[in-house]
S.K.: 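Let me give you the structure first, and then I'll get to my questions.
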Amino acid sequence: MLLIKKASVLNNYLEEEVKKGKTTGFVPTMGALHEGHLALIKTSKSENDICICSIFVNPTQFNDPADFKKYPVTIEQDIKMLEEAGCDLFFLPQVSEIYPAGTDFSRHYELGYLETILEGKYRPGHFQGVCMVVHRLLDIVAPQQLYLGQKDYQQCMVIEKLITLIHQAEKIKINICPTLREPDGLAMSSRNRRLNEAQREKAPAIFQALQQIKNKVGSKPPEVLKEEAVTELIHKGFSVDYIEIADASTLSPVSEWQTNQQLVLLAAAFLDDIRLIDNITTGS
Ligand code: AMP
């Protein structure tokens, strides 16, 4: 596996490889890798000649500076895992490589409705930061295929919108890969490393609450199911940002059941200062 830290070096290298006819698949991450990340790497590797993974803890997407400071960093272990998963190219830039002109960008990405709900509502500025970093990474890597996790459902929709806004939708194919879970259902996440034993025991309750809603779709009004789930999570010690039942393709909240509507059930909740998110679709 080749380790590259400079944006220009990576860009030139990949340009040459693509000229030779090589195909490229890209997995952007913030590190502290787990099996969920590795599943994206393996899929990218199996579908492209060159699999590129980046690790960059992007300061501009953290609306809470304390969360940024506490974000887990495990580079040595990450490198081993990437090598084992068959990653070809590992991009590990400094902040100055990604933001040579600083982080105070004037560009605003017009995300519209998507930015006003759920993660957009509870983490103001988060998706602008996500767009900033993904735009820059896509300029550097220029991949043919991009691999994202369904774990970050709304982020996938934001990035789909981004590539349209930056006129890359024809050039980059987005692949959304299923959420990998621990045996007890907890969605794998870098933030899970921060959970202590007692918190780790409670954490699967988020997935269970979503499963409960899924099992009861149509049996009671959506509002009631959401309220029941919130009450249950609060009872178990969570502080809940949201439980939402939404249309899977638009993320519009559902206020009454419609037949054959694909739904996504989403949750964000804190265990003390650790914020966890999860979602499931009614088709899965
Ligand atoms: P992150 O390092 O958290 O920014 O995530 C990097 C990529 O991995 C994103 O596309 C995430 O959606 C994806 N990802 C994170 N957790 C999981 C998971 N449990 N299963 C599948 N993909 C995931």
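All heavy atoms count here, side chains included; hydrogens, waters and symmetry mates do not. We count residues from 1, following the sequence as given.
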S.K.: Indicate yes or no: at least one non-hydrogen side-chain atom of L251 is less than 4.5 angstrom from one of L114.
M.R.: yes
S.K.: Applying salt bridge (charged side-chain N to carboxylate O under 4.0 Å, His left out) between R191 and each of D273, D67, D272, D278, report the one that passes.
M.R.: D67
S.K.: Should E119 and I277 count as side-chain neighbours, where that means a heavy-atom distance under 4.5 Å?
M.R.: yes
S.K.: Enumerate the salt bridge (charged side-chain N to carboxylate O under 4.0 Å, His left out) contacts for residues 141-168, please, sequence neighbours excluded, ordered by first and then second residue.
M.R.: none
S.K.: Classify the ring geometry between F62 and Y71 as parallel (under 30°), tilted (30 to 60°) or perpendicular (over 60°).
M.R.: perpendicular
S.K.: Sorted by first residue and then second, give each side-chain hydrogen bond (donor to acceptor under 3.5 Å, both in side chains) pair with at least one member in residues 79-99; sequence neighbours left out.
M.R.: K6-E97, K45-D88, N58-Y99, T60-Y99
S.K.: Could you work out, with side-chain hydrogen bond (donor to acceptor under 3.5 Å, both in side chains) as the rule, every residue matching H126, not counting sequence neighbours?
M.R.: none
S.K.: Considering only NZ, NE, NH1 and NH2 on the basic side and carboxylate oxygens on the acidic side, decide whether E17 and K20 come within less than 4.0 Å.
M.R.: yes
S.K.: Which pairs count as side-chain hydrogen bond (donor to acceptor under 3.5 Å, both in side chains) when at least one residue sits in residues 231-240, sequence neighbours excluded?
M.R.: E232-K236
S.K.: Ignoring hydrogens, what is the shortest heavy-atom contact between A246 and V254? Give both atom names and the distance.
M.R.: C-CG2, 3.9 Å
S.K.: Can you list everything that forms a ring pair (Phe, Tyr, Trp, His ring centres under 6.0 Å) with Y242? Sequence neighbours excluded, please.
M.R.: Y122
S.K.: Determine whether I274 and M30 fall in the same hydrophobic cluster, where Ile, Leu, Val, Met, Phe, Trp and Tyr are linked whenever their side-chain heavy atoms lie under 4.5 Å apart.
M.R.: no
S.K.: Flag yes if V133 and V95 sit in one hydrophobic cluster, no otherwise; membership is Ile, Leu, Val, Met, Phe, Trp, Tyr, and two members link when side-chain heavy atoms are under 4.5 Å apart.
M.R.: yes
S.K.: Quick check: do Q61 and R123 have side-chain heavy atoms less than 4.5 Å from each other?
M.R.: no
S.K.: Considering residues at least two apart in sequence or located in another chain, which fulfil the ring pair (Phe, Tyr, Trp, His ring centres under 6.0 Å) criterion with F270?
M.R.: none
S.K.: What pair of heavy atoms forms the shortest contact from I234 to V240, and how long is it?
M.R.: CG1-CG2, 4.1 Å
S.K.: Go through the structure and list residues passing ring pair (Phe, Tyr, Trp, His ring centres under 6.0 Å) with H34, not counting sequence neighbours.
M.R.: H37
S.K.: Between L165 and R107, what is the shortest heavy-atom contact and its length?
M.R.: O-NH2, 4.2 Å
S.K.: On a heavy-atom basis, which atom in A209 and which in A229 lie closest, and how many Å separate them?
M.R.: CB-CB, 4.3 Å
S.K.: Taking side-chain hydrogen bond (donor to acceptor under 3.5 Å, both in side chains) as the test, write out the residues that go with Q261, two or more places apart.
M.R.: D247
S.K.: Would you check if L146 and I159 make a side-chain contact, meaning some heavy-atom pair closer than 4.5 Å?
M.R.: yes
S.K.: Using distance alone, with no hydrogens and no angle criterion, decide if Q144 and N48 have a side-chain donor and acceptor under 3.5 Å apart.
M.R.: no
S.K.: Supply the members, apart from I75, of the Ile/Leu/Val/Met/Phe/Trp/Tyr cluster built from side-chain contacts under 4.5 Å; use none for a lone residue.
M.R.: M1, L3, V27, L33, L38, L40, I41, I55, V73, I79, M81, L82, F90, L92, Y147
S.K.: Could you check whether D241 pairs with K121 (Lys NZ or Arg NE/NH1/NH2 to Asp/Glu carboxylate O, under 4.0 Å)?
M.R.: no
S.K.: Using the benzene-type ring in the case of Trp, are the ring centres of F91 and F26 under 6.0 Å apart?
M.R.: no
S.K.: Can you list the residues that meet the ring pair (Phe, Tyr, Trp, His ring centres under 6.0 Å) rule with Y13, with sequence neighbours excluded?
M.R.: none
S.K.: Taking the side chain as C-beta and beyond, is there a heavy-atom pair between P143 and L138 under 4.5 Å?
M.R.: yes
S.K.: Sequence neighbours excluded, which residues qualify as side chain to side chain contact (heavy atoms under 4.5 Å, CB included) partners of Q168?
M.R.: I163, I166, K171, I172
S.K.: Could you check whether any side-chain heavy atom of T29 comes within less than 4.5 Å of a side-chain heavy atom of C53, counting everything from C-beta outward?
M.R.: yes
S.K.: Apply the hydrophobic cluster definition, ILVMFWY joined by side-chain contacts under 4.5 Å directly or through others, and give me every member besides L180.
M.R.: M188
S.K.: Side-chain contact test, heavy atoms from C-beta onward, threshold under 4.5 Å: evaluate it for S189 versus R194 and give yes or no.
M.R.: no
S.K.: So do I280 and R181 actually touch side chain to side chain, heavy atoms under 4.5 Å?
M.R.: yes
